[in-house]
Amino acid sequence: MTDFLRDLNDVQRSAVTATEGPVMVLAGAGSGKTRVITYRIAHLIRNNGVTPYNILALTFTNKAAGEMRHRIDKLLQSGSASGLWIGTFHSVFARLLRSYIHLIGYDRNFSIFDSDDSKSLIRQSMNELGITNDSLPVNAVQSIISKAKNSFILPSEFQSRPGDYNQQKAAKVYELYTRKLRENNALDFDDLLIKPLELFRAHEAVLGELQETFRYILIDEYQDTNRAQYLAAKMLGAKHRNIFVVGDDAQSIYSWRGADISNILNFQDDYQDSLTFKLVENYRSTGTILQAANSVIRNNHRQIKKELISNRSAGEPVTLIEAYNERQEGEKVAEHIRSMRQKDGHDYSGFAVFYRTNAQSRVLEDVMRQNRIPYRIFGSVSFYKRKEIKDAVAYLRFIVNERDNESLLRIINFPPRKIGDVSIAKLKEYAVLQDSSLYDAIRNAAEGGFQQRLVNALESFSSVIEKLKELSEYGSVYDVLSELYSLTAIPAQLQAENTAESLARYDNLQELLSMARDFSDHNPDSSSLGDFLENISLASDYDETRESDNYVSLMTVHASKGLEFPVVFITGMEERLFPLNTYEQDELEEERRLFYVAMTRAQEKIFLSWARSRYQYGQPQQCLRSMFVTEIDASIVRTESGELISGRSSSERASSSGTATSRGFQSKAPSPQSGIQTPRQESKSASKGFRAGAMVHHALFGPGMILEVHGSGSGQKVKIRFRTAGDKTLMVQYANLRIVS
DNA sequence: GCAGTTGTGCTTTTT
DNA sequence: GCACAACTGC
């Protein structure tokens, strides 16, 4: 037994050493969750002699995985953790699929489609089925399909389920989309989770082999797992049953992408013989911050009760900043940062500014720049989503997987080769006729009876591809990419254009090139083009943090999970922004958890800010202060001038903290000053409750909010913003709307 | 075939 | 107030 276990408190140590059988750790924010996972892995390897190769640790982000690996290496002598399976569900499963996917009819060189690729394929499918975007928006279909996949409902089953008209149409799209993915030899993000399940179901021997390999399974952020992830963990752990999950139901903020909070709430029922440990001692935040966080989360009903206990002093109260508009909000944030930096000697890196939606970042960014405060925005436009990067990556992807038509269509006429839509349509026809892939059709174009000009253009394209393909057989990723740059002259073109924008793009391409070089250097044994692409596909901008630099961090609340900062600003504390438009109690509770996550990032000091007016869609909107502000114990909230917050009567507090039935803030709607509650107040028609701002329910489109009311009587129309179906204008007499509030 | 323009629809959050 | 899809005119 090694003495590193002395670094742990009693509960942590018990959780670390309970190595056999199912274990759940409920780890409150800042309670040493990562420490427990990393020490447990180190303990298994060092003290129990478990081979790293037999341990599987699954995380939610690449960053978390990287950090854990780093910490484990530090606990053990570096190198002795090699062979350990640690990574995100997506990356570990992608790796498994490379070995086994041929068993379920895919080629191991499959492409990984990002959500844009997948959207484009869904759009194609809808076109072929004659479903217009107007009748059913692509985005809605994409989200329906993704939800189905995350719940491990396959197309056949989805089709046979009863559902409304839209669901039926979506089911058809789902079926065709799945076929198209297969044609492209491609997987979307969700497939990375469900293809393993299909594989396990069809090939028990493979499952058995993997069950034998993964003697110990650890899952981080268990509250964010979806049904597919839950099933995968259950299947893989069924033999040895050493399944160890860590999470915090109060920090579950991803239900919108299929995370199922029941997974953690029901763990004890699933594994009746499991042990549970609760970590509630918080090492991060002051007593006041935890008091604030506890007092807010207490308003949620669906939760496992636990209150964080600080082992630090009370600290400073929460400061509430009220601004005239979002510009002034930013100015005030900047001013506080400047003065605190002088007074308390914080580095810029000690400050973080959070917002609920990305759209809010622009103004904050402007203000930071004007005030000469160094800042960094996390996760705005991803590097990998930039056009020039996507183009270059599409070439690489196509070289690896020549069935990847998404990539092919992206590059066939870029740079311009005079191959337009008409030619492509002809080619597609020819491919169908020949029953060949699109690329085979291109290679056989000479026999296709096309115009000589087109044949020449196609040949010049395929010769580039063939050259690169050959090079990729023996050359490094770097070699392939630089040859690509010279053959297509894409960077040269950008350089020649010589505008600020084109030069920035040129720089991005150079950056990609140096990433390729780094990749080959750091992964000498697995540095194939395919590996590089997999890395890129599953990477996000949130992964990199340059600790050493001194800047203020700007990010969404979601992106802040897992991080900590001495001083935290939570901006946009307004109704309908934070909490964002919510229609149901569950959604409001998720917003509240999100706010809880934001607050518990702070070590010393929290500022909350809100603006009385804010631009939305280029239009100024009146705003109301968020109900969440009122939920914090009033005794620990001060205004900027140091007064207790005022202007809230106790009755108002009572009504805004909400009951299960009144859905919280909406009960305040009729108050005369509540400007934003009725976006178009001028609408005169208040009859039958069809007024702007009212919540309604439509049999097909689900819940929505009335934006505008036109006319009255039998000709009355209402414009409604639906949660999933978008904005629609409907005739009241046919729409059969149910008024919810 | 292509560039430039108009139109639309949207903004939650990401592997 | 933006990004991107669809359209138009050369």
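Here is how names work: the chains are called A, B, and so on, in the same order as the sequence lines, proteins then strands, and each is numbered from 1. All values below come from the heavy atoms of this structure, side chains included, with hydrogens, waters and symmetry mates left out.
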Looking at [Y], is [X] sitting on its ring face, NZ or CZ under 6.0 Å from the six-membered ring centre and within 45 degrees of the normal?
X: R123(A); Y: Y177(A); result: no
X: K561(A); Y: F60(A); result: yes
X: K195(A); Y: F200(A); result: no

Next item on the list: Report the relative orientation of the aromatic rings in F93(A) and F89(A); use parallel for angles under 30°, tilted for 30 to 60°, perpendicular for over 60°.
Entry: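 Perpendicular.
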Next item on the list: Classify the ring geometry between W256(A) and H558(A) as parallel (under 30°), tilted (30 to 60°) or perpendicular (over 60°).
Entry: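 Rings of W256(A) and H558(A): perpendicular, as their planes differ by over 60°.
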Notebook entry, point to check: Which part of the nucleic acid does V557(A) contact within heavy-atom distance under 4.0 Å: base, sugar-phosphate only, or nothing?
Noted result: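 No contact.
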Margin query: Mind checking if F60(A) touches a base, just sugar-phosphate, or nothing, with heavy atoms under 4.0 Å?
Written below: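 Sugar-phosphate contact only.
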How close or far is atom [atom2] of [N] from atom [atom1] of [X], stated in whole angstroms?
X: N139(A); N: dA3(C); atom1: CG; atom2: C1'; result: 12 Å
X: R576(A); N: dT13(B); atom1: CZ; atom2: C1'; result: 19 Å
X: H90(A); N: dT15(B); atom1: NE2; atom2: C1'; result: 4 Å
X: E590(A); N: dT14(B); atom1: CD; atom2: C1'; result: 13 Å
X: D421(A); N: dA5(C); atom1: CG; atom2: P; result: 13 Å
X: W256(A); N: dT14(B); atom1: CH2; atom2: P; result: 6 Å
X: R410(A); N: dC4(C); atom1: CZ; atom2: P; result: 10 Å
X: E221(A); N: dT15(B); atom1: CD; atom2: C1'; result: 13 Å

State whether [X] places a side-chain N or O below 4.0 Å from either non-bridging phosphate oxygen (OP1 or OP2) of [N].
X: S423(A); N: dG1(B); answer: yes
X: N150(A); N: dT15(B); answer: no
X: T556(A); N: dT14(B); answer: yes
X: N413(A); N: dC2(B); answer: yes

Note to self: Quick check: on DNA chain B, is the nucleotide nearest L193(A) upstream (toward 5') of the one nearest K119(A), or the reverse? Name the residue that is more 5'.
What the structure shows: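 That would be K119(A).
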Next item on the list: Report the residue (R417(A) or S537(A)) whose heavy-atom-nearest nucleotide on DNA chain B is the more 5′ of the two.
Entry: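 This one resolves to R417(A).
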Check every atom of [options] against the side chain of [X] and return the nucleotide holding the closest atom.
X: R123(A); options: dA5(C), dT11(B), dT15(B); value: dA5(C)
X: R453(A); options: dT15(B), dG1(B), dC2(C); value: dG1(B)
X: N358(A); options: dC2(C), dT14(B), dA5(C); value: dT14(B)
X: P416(A); options: dT15(B), dT13(B), dC2(B); value: dC2(B)
X: K418(A); options: dG1(B), dG1(C), dT15(B); value: dG1(B)

Check: If you measure from the ring centre of Y254(A) to the centre of the six-membered ring in the base of dT13(B), is it under 5.5 Å, with the planes under 30° apart?
Finding: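 Taking the rule of under 5.5 Å and under 30°, the ring of Y254(A) does not stack on dT13(B).
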Next item on the list: Report the distance from atom CZ of R302(A) to atom CD1 of I261(A), rounding to the nearest 0.5 Å.
Entry: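 The CD1 atom of I261(A) is 6.0 Å from CZ of R302(A), to the nearest 0.5 Å.
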